[in-house]
Amino acid sequence: MGKPQFQSPRGTADILPGAQAHWRYFEAAASKAAARFGYERIDTPTFEDARLYVRGVGAFTDIVEKETYTFQDRGGDRFTLRPEGTAGVCRAYLQHGMSNLPQPVRLFYFNNLFRYERPQAGRFREHHQLGVEVIGDSDAAIDAEVIELAWRLLEDLDVGGLTLLVNSIGDPACRPAYVGKLREYYSRAEDEICRDCRRRLERNPLRLLDCKEKQCQPLIAGAPAGADHLCGLCLEHWEMLLGFLEALGLPFTVDKRLVRGFDYYTRTVFEIVPPTGGRMSTICGGGRYDGLIEELGGRPTPGIGFGMGVERILQELRLPDAGRAGRRPSPKVVVVHAGADVRGECMRLAAGLRADGVAALLAPSGRSLKSQLRYASAVHATHAAILGADEVARGSASLRDMAKSGQREVSRDALAAALAAWASA
RNA sequence: GUGAGCGUGGCCUAGUGGUUAAGGCGCCAGGUUGUGGCCCUGGAGAUCGAGGGUUCGAAUCCCUUCGCUCACCCCA
């Protein structure tokens, strides 16, 4: 055989039945936390007009520039598989006139995201995020709320040892001046920095602070910090946020070199990182994007949100024991046929059980009784319902309790009731 | 895009130049008459990722290629 002819595309993964419980556990916890904060779920399309992601000159990031899956459909239109969730939600906000709803609008979603990157630990070409967005309120209290939501969810999930990093990167009023200072600072030392940083100096100066090269570290340490060069309004916002975070008792750390990959972010940026791995394995990243809605053609509207990487969370999670004792599982019946001629009756029996809300499946046909029972225990059935000519004649079934190895003949009308009694015993 | 490591049946692994590639898990069957989980026996399943080369002879050495993994980069 060798390698199978087809494999899942590079950087993608199947979520197999055995992992589903973990995913659903996260989704349930996230949905509950979001609901507790008054957020409503939204789902947007997997692909969007390519132009949604390649806005405004100078606003190009690496991701939209070269990490995007873009294609032309048969009608000649260009679409992009969403590389992030915010733009689609903002598009929906505008398209459906959500500015006429009570503001702010609080939304959350589970998305699969696509980026053409080289796969690596914790990095995939298709990955999943919990996304949260609040649109229509610029108050720092909302920033605090969004950060709190992320943090409380992580608490609920009992992910230990996390660090919450926050920073402010200013807004169009103060950032240019700050970036100018940063450029000036760096240009004096241009020959001391790495090649990437020389490029960043030109195209994306804020990212200079994010460089991991050893040679750049001394320079970063002495670099002017954005949070120290905020304009009056940004400074006020920033100080209010810090006050709110303290009031909430969130253990935040100000990280003045924290920046964002997307350019529409303003003011608040934050990130939650696990104990090991540092920023490269960020579990949750977000920030304010007061310029985005306007960039998409709407009236100036503030927004803030975060993305939480499901794969990365799951890796950090100590998952609750699936086999915790105590609670009795709901009944699961395997219908076993003794003789090929009763298979039709077996089907009717299974159908009847399902109609009564009981999980029922047929044992593989054409196997010996022994083999069918072996199957029943292999799939963790709680019961086997055995049907042979005798039972059919009497309108009954032999109901076997797999755990107890005992069985008794039960009239077919009484089966569901017997199983219900077993479940509540 | 750059660099490194690895590729043996569904999964894990043995085998580092020499007869029909070995074992464990899993799967299927049987262990007498309509009965599971343990145990026993048997069976199916691999041209050793692919292609080429060296050699009398290669899963084992060399080259190429594909794939996977890790790191850089970037991010969730």
Side-chain angles (χ1 to χ4, degrees), chain A residues 1-13 16 18 61-67 83-86 110-132 150 194-197 199-200 204 207 210-214 258-262 271-274 277-286 305-316 334 336-340 342 363-364 366-391 398-407 409:
Chain A
M1 246 191 196
K3 276 282 176 288
Q5 191 176 1
F6 295 113
Q7 281 178 273
S8 57
R10 171 167 237 203
T12 69
L16 297 173
T61 68
D62 280 347
I63 286 181
V64 301
E65 212 171 67
K66 55 180 192 191
E67 295 187 1
E84 50 96 11
T86 304
F110 298 101
N111 270 175
N112 51 345
L113 270 28
F114 305 87
R115 296 178 194 172
Y116 187 82
E117 304 177 273
R118 205 70 178 270
Q120 203 181 303
R123 194 178 74 184
F124 315 96
R125 288 187 171 179
E126 179 185 22
H127 80 280
H128 299 75
Q129 278 186 21
L130 159 71
V132 161
C194 69
R195 253 199 22 235
D196 285 333
C197 277
R199 200 194 55 188
R200 292 187 182 110
N204 204 348
R207 288 229 146 271
D210 211 20
C211 185
K212 279 103 189 164
E213 284 296 324
K214 203 172 288 169
L258 184 62
V259 292
R260 290 278 88 202
F262 295 110
E271 219 161 276
I272 299 175
V273 299
R279 251 150 275 85
M280 71 188 173
S281 51
T282 294
I283 264 179
C284 175
F306 68 75
M308 200 179 273
V310 182
E311 284 86 352
R312 289 186 183 178
I313 291 269
L314 259 26
Q315 197 159 18
E316 294 295 322
V334 167
V336 171
H337 61 277
V342 297
R367 294 197 189 171
S368 66
L369 198 64
K370 175 194 199 113
S371 168
Q372 293 182 67
L373 283 164
R374 222 184 284 219
Y375 174 80
S377 41
V379 300
H380 304 113
T382 61
H383 296 80
I386 303 163
L387 225 52
D390 298 349
E391 285 89 348
S398 294
L399 186 64
R400 181 176 184 80
D401 183 322
M402 297 304 284
K404 282 197 200 147
S405 312
Q407 73 187 52
E409 199 167 336

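Lettering follows sequence order; numbering is per chain, from 1.
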Round to the nearest Å and state the distance from A:Leu373 atom CG to B:A29 atom P. 12 Å
Do the side chains of A:Ser398 and A:Glu391 get nearer than 4.5 Å, heavy atoms only? yes
Atom pair distance, as rounded to whole Å: CZ in A:Arg400 and P in B:G37: 10 Å
Could you state the atom-to-atom distance from CD of A:Gln7 to P of B:A50 in whole Å? 13 Å
Whole-Å P distance, B:A44 and B:A22: 12 Å
On a whole-Å scale, what distance lies between the P atoms belonging to B:G52 and B:G42? 39 Å
Taking atom P in both B:C68 and B:C12, what distance in whole Å separates the two? 15 Å
Between A:Arg10 and B:C68, does any side-chain N or O lie under 4.0 Å from OP1 or OP2? yes
Using the P atoms only, state how far B:U60 lies from B:A21, rounded to an integer number of Å. 14 Å
Just how far, in rounded Å, is P of B:G30 from NZ of A:Lys370? 8 Å
Atom CZ of A:Arg10 and atom CZ of A:Arg125: how far apart are they, to the nearest 0.5 Å? 5.5 Å
Could you give me the stems involving RNA chain B, meaning stretches of three or more consecutive Watson-Crick or G-U wobble pairs whose two defining distances are both below 3.5 Å? B:1-7 with B:66-72, B:10-13 with B:22-25, B:27-31 with B:39-43, B:49-53 with B:61-65
Heavy atoms of other groups near A:Phe110 CZ, more than 12 under 6.0 Å: yes
Please work out if A:Glu126 contacts a base, only the sugar-phosphate, or nothing of the nucleic acid, heavy-atom cut-off 4.0 Å. nothing
Using the C1' atom on both, measure B:C61 against B:G24 and round to a whole Å. 30 Å
Given A:Ile283 and A:Met308, is the side chain to side chain contact (heavy atoms under 4.5 Å, CB included) satisfied, shown in steps? CA-CA 6 Å; A:Ile283 264 179; A:Met308 200 179 273; 4.2 Å; yes
So, does the side chain of A:Ser371 form a donor-acceptor pair with the base of B:G36 at under 3.5 Å? no
What integer number of Å spans the C1' atoms of B:G26 and B:C11? 7 Å
Under 4.0 Å: is that the gap between some side-chain N or O of A:Arg367 and OP1 or OP2 of B:A29? yes
Taking atom CD of A:Glu126 and atom OG1 of A:Thr12, what is their separation to the nearest 0.5 Å? 6.5 Å
Measure from CD on A:Glu117 to C1' on B:C70 and round the result to the nearest Å. 15 Å
Please report the distance, rounded to the nearest Å, between CG in A:Leu399 and P in B:G36. 17 Å
Please state whether the phosphate of B:C75, meaning OP1 or OP2, lies under 4.0 angstrom from any side-chain nitrogen or oxygen of A:Thr282. no
Please measure how far the P atom in B:G67 lies from the corresponding atom in B:C62, and state the result in whole Å. 22 Å
For the base of B:C73, is there a side-chain donor-acceptor partner from A:Arg123 under 3.5 Å away? yes
Taking OP1 and OP2 of B:G30, is either one under 4.0 Å from a side-chain nitrogen or oxygen of A:Ser368? yes
Across the strands shown, which category fits A:Met402 at heavy-atom distances under 4.0 angstrom: base, sugar-phosphate, nothing? base
Are side-chain heavy atoms of A:His383 and A:Gln407 found at a separation under 4.5 Å? no
Check every atom of B:C70, B:U35, B:A76 against the side chain of A:Arg312 and return the nucleotide holding the closest atom. B:A76
Looking at OG1 of A:Thr282 and CD1 of A:Ile272, how far apart are the two atoms once the value is rounded to the nearest 0.5 Å? 9.5 Å
Going by heavy atoms in the side chains, are A:Glu84 and A:Arg115 under 4.5 Å from each other? yes
On RNA chain B, compare the nucleotides closest to A:Gly406 and A:Gly285; which residue's is nearer the 5' end? A:Gly406
Is any side-chain N or O of A:Gln407 under 3.5 Å from a base N or O of B:U35, one able to act as donor and the other as acceptor? yes
Would you say the side chain of A:Leu373 lies within less than 4.5 Å of the side chain of A:Arg400, judging by non-hydrogen atoms? yes
Students often get this wrong, so: under 4.0 angstrom with heavy atoms, is A:Leu369 touching a base, only sugar-phosphate, or nothing? base
Within this structure, what is the CD-to-P distance between A:Gln372 and B:G37, rounded to whole angstrom? 14 Å
Between CZ of A:Arg118 and P of B:C72 the distance, given in whole Å, is 13 Å
5'-most contact on RNA chain B (nearest-nucleotide basis), A:Met308 vs A:Pro119, goes to A:Pro119
Atom pair CD/OG1 of A:Gln129 and A:Thr86 - distance to nearest 0.5 Å: 8.0 Å
Is A:Gln120 near enough to B:A71 that one of its side-chain N or O atoms lies under 4.0 angstrom from OP1 or OP2? yes
What's the spacing between A:Ile386 CD1 and A:His337 NE2 if we round to 0.5 Å? 12.0 Å
Ordered by number, residues from residues 374-386 of chain A within less than 4.0 Å of RNA chain B (heavy atoms) are A:Arg374, A:Ser377, A:Ile386
Separation between the C1' atoms of B:A59 and B:G15, rounded to whole Å: 8 Å
Does the pair A:Leu113 and A:His127 meet the rule for a side chain to side chain contact (heavy atoms under 4.5 Å, CB included), with working shown? CA-CA 5 Å; A:Leu113 270 28; A:His127 80 280; 3.7 Å; yes
